[in-house]
Amino acid sequence: MIFDTLSNIEKYKGINKNLDQAIDFICGTDFSDSLEGKTAVCDAFYYTKSAMQTGDITDAPFEAHRRFADIFIPLSGRELVKTAAVDSLIVTYAYQEEDDYCLLEGPAQTNVINTPDTFTILFPQDAHNSAGSVDGKVTDLEKIVVKVRV
């Protein structure tokens with residue numbers, strides 16, 4: 001997992017060529033005019049824009065992917081993102097190849113608060129759940145999730 005300020009995102013180039021492409025795209029894109037839903041960009045990545053309310057994720061399962069890394073970028077609001085190493089959790093819903101995810105349970109190892117000036121990159125080894133309320137306060141959240149093929 002990488003958590004940092006959005007102004008530092010270019011410092012993470014060099015990890016993966018598809019991630020490099022996605023970072024260049026993020027740096028050159030104003031997502032405020034994007035439509036909600038999935039937007040195909042290229043073979044290396046796509047993104048979704050969604051609006052939701054944050055909620056209690058205390059007992060929510062973690063999800064993990066094998067083919068994609070997720071980049072969470074809030075456009076407005078704040079969200080609690082909980083993460084744990086996949087191998088530290090128990091699989092409760094087997095991996096679904098078509099949708100590239102599985103569900104897991106167990107304790108979080110890291111919690112971060114994602115805001116419009118931060119981003120979080122979650123790799124296949126990083127189980128995660130997100131859109132959690134910060135300090136128990138339900139708020140509106142609008143966010144971009146860039147799905148990068150790794």
Side-chain angles (χ1 to χ4, degrees), residues 1-32 34 36-58 60-91 93 95-96 99-135 139-150:
M1 178 193 81
I2 296 171
F3 173 73
D4 202 344
T5 59
L6 205 47
S7 61
N8 288 332
I9 196 167
E10 288 186 284
K11 293 180 180 184
Y12 297 96
K13 289 175 72 173
I15 295 171
N16 173 285
K17 66 181 177 117
N18 291 347
L19 185 60
D20 291 353
Q21 282 185 280
I23 289 170
D24 287 341
F25 177 77
I26 290 165
C27 291
T29 302
D30 178 1
F31 292 104
S32 62
S34 298
E36 280 196 34
K38 181 179 176 179
T39 301
V41 179
C42 62
D43 287 340
F45 65 92
Y46 66 91
Y47 72 91
T48 59
K49 180 178 182 181
S50 53
M52 65 204 74
Q53 286 196 320
T54 60
D56 182 4
I57 60 172
T58 303
F62 290 89
E63 70 175 32
H65 313 288
R66 291 183 184 169
R67 296 189 320 259
F68 288 89
D70 288 349
I71 305 175
F72 294 166
I73 306 168
L75 300 177
S76 65
R78 302 182 326 152
E79 70 172 334
L80 174 66
V81 179
K82 298 172 79 170
T83 67
V86 168
D87 61 5
S88 73
L89 302 172
I90 298 167
V91 175
Y93 187 74
Y95 179 71
Q96 303 298 303
D99 296 319
D100 186 42
Y101 83 99
C102 68
L103 298 179
L104 309 103
E105 289 184 359
Q109 294 172 324
T110 304
N111 296 332
V112 298
I113 298 173
N114 220 10
T115 64
D117 64 338
T118 66
F119 70 95
T120 305
I121 302 176
L122 300 145
F123 295 97
Q125 68 270 17
D126 303 316
H128 52 278
N129 59 28
S130 64
S133 296
V134 177
D135 298 326
T139 59
D140 292 330
L141 173 68
E142 185 176 41
K143 78 186 231 184
I144 298 292
V145 177
V146 180
K147 304 283 286 183
V148 182
R149 187 176 304 278
V150 294

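Computed from a predicted structure; not experimentally measured.
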Query - CA sep, side-chain torsions, deciding dist, call: Ile15, Ile2, side chain to side chain contact (heavy atoms under 4.5 Å, CB included) - result: CA-CA 12 Å; Ile15 295 171; Ile2 296 171; 3.9 Å; yes
Report summary line: Here the gap from Ser88 atom OG to Gln125 atom CD, rounded to the nearest 0.5 Å, amounts to 11.5 Å
**Report entry** Minimum side-chain heavy-atom gap Val81-Phe3 below 4.5 Å
**Finding:** no
Query raised in the report: Has the side chain of Arg149 got a donor or acceptor atom that lies under 3.5 Å from a matching backbone atom of Asn18?
Result: no
Query raised in the report: Under 4.5 Å between any side-chain heavy atoms of Thr118 and Val112, yes or no?
Result: no
Query raised in the report: Which atom names give the shortest non-hydrogen contact between Leu122 and His128, and what distance separates them?
Result: CD1-CG, 3.8 Å
Query raised in the report: Rounded to the nearest 0.5 Å, how far apart are OG of Ser133 and CG of Asp56?
Result: 7.0 Å
Requested in this report: Decide whether Tyr95 and Asp100 meet the rule of one side-chain donor and one side-chain acceptor closer than 3.5 Å.
Outcome: yes
Query raised in the report: Okay, side chain of Asn16, backbone of Leu19: is any donor-acceptor separation there less than 3.5 Å?
Result: yes
Report summary line: For Ala127 and Leu89 the tightest heavy-atom approach is CB-CD1, 3.5 Å
Query raised in the report: So do Ser76 and Asp140 actually touch side chain to side chain, heavy atoms under 4.5 Å?
Result: no
Requested in this report: Report yes if some heavy atom in the side chain of Tyr93 is under 4.5 Å from a heavy atom in the side chain of Pro61; otherwise report no.
Outcome: no
Report summary line: Between the CD1 atom in Ile144 and the CD atom in Glu36, the distance rounded to the nearest 0.5 Å is 9.5 Å
Query raised in the report: Nearest heavy-atom pair of Ala22 and Ile71: which atoms, and what distance?
Result: CB-CD1, 4.4 Å
**Report entry** Exercise: do Thr5 and Ser7 side chains pair donor with acceptor under 3.5 Å
**Finding:** yes
Requested in this report: Indicate the atoms forming the closest heavy-atom contact of Ala131 with Met52, along with that distance.
Outcome: CB-SD, 3.7 Å
Query raised in the report: Does any donor atom in the side chain of Tyr47 or Thr29 lie under 3.5 Å from an acceptor atom in the other side chain?
Result: no
Query - Under 3.5 Å: donor-acceptor pair, side chain of Asp20, backbone of Gly14 - result: yes
**Report entry** Beyond-backbone contact of Lys11 with Asp4, side-chain heavy atoms, under 4.5 angstrom
**Finding:** no
Report task. Step through the shown structure and confirm whether more than 12 heavy atoms of other residues, nucleotides or ligands are within 6.0 Å of CG on Asp117. Result -> yes
Query raised in the report: So how far is it from Thr39 OG1 to Phe45 CZ, rounded to the nearest 0.5 Å?
Result: 11.0 Å
Query raised in the report: How long is the gap from CZ on Phe31 to CD on Glu142, to the nearest 0.5 Å?
Result: 11.5 Å
Query raised in the report: How about Ser130 and Ile57: do any of their side-chain heavy atoms sit closer than 4.5 Å?
Result: no
Query - Where Met1 and Asp126 come nearest, the two heavy atoms and their spacing - result: N-OD2, 2.8 Å
Report task. Determine, step by step, whether Glu63 and Asp70 satisfy the side chain to side chain contact (heavy atoms under 4.5 Å, CB included) criterion, reporting the C-alpha distance in whole Å, the side-chain angles of both residues, the deciding distance to 0.1 Å, and the verdict. Result -> CA-CA 11 Å; Glu63 70 175 32; Asp70 288 349; 4.2 Å; yes
Query raised in the report: How far does CD of Glu79 sit from OG1 of Thr54, to the nearest 0.5 angstrom?
Result: 9.0 Å
Requested in this report: Please answer whether the main-chain N or O of Ile23 pairs with a side-chain N or O of Lys13 as donor and acceptor at a distance below 3.5 Å.
Outcome: no
Report summary line: Looking only at heavy atoms, the pair that brings Ala64 and Pro124 closest together is CB-O, 4.4 Å
Query raised in the report: Any donor and acceptor pair, going by atom type alone, linking the side chain of Asp24 with main-chain N or O of Gln21 inside 3.5 Å?
Result: no
Query - Main-chain N/O of Ser34 paired to Lys49 side chain as donor or acceptor, under 3.5 Å - result: yes
Query raised in the report: Do Phe62 and Val86 come within less than 4.5 Å of each other through their side chains, counting heavy atoms only?
Result: no
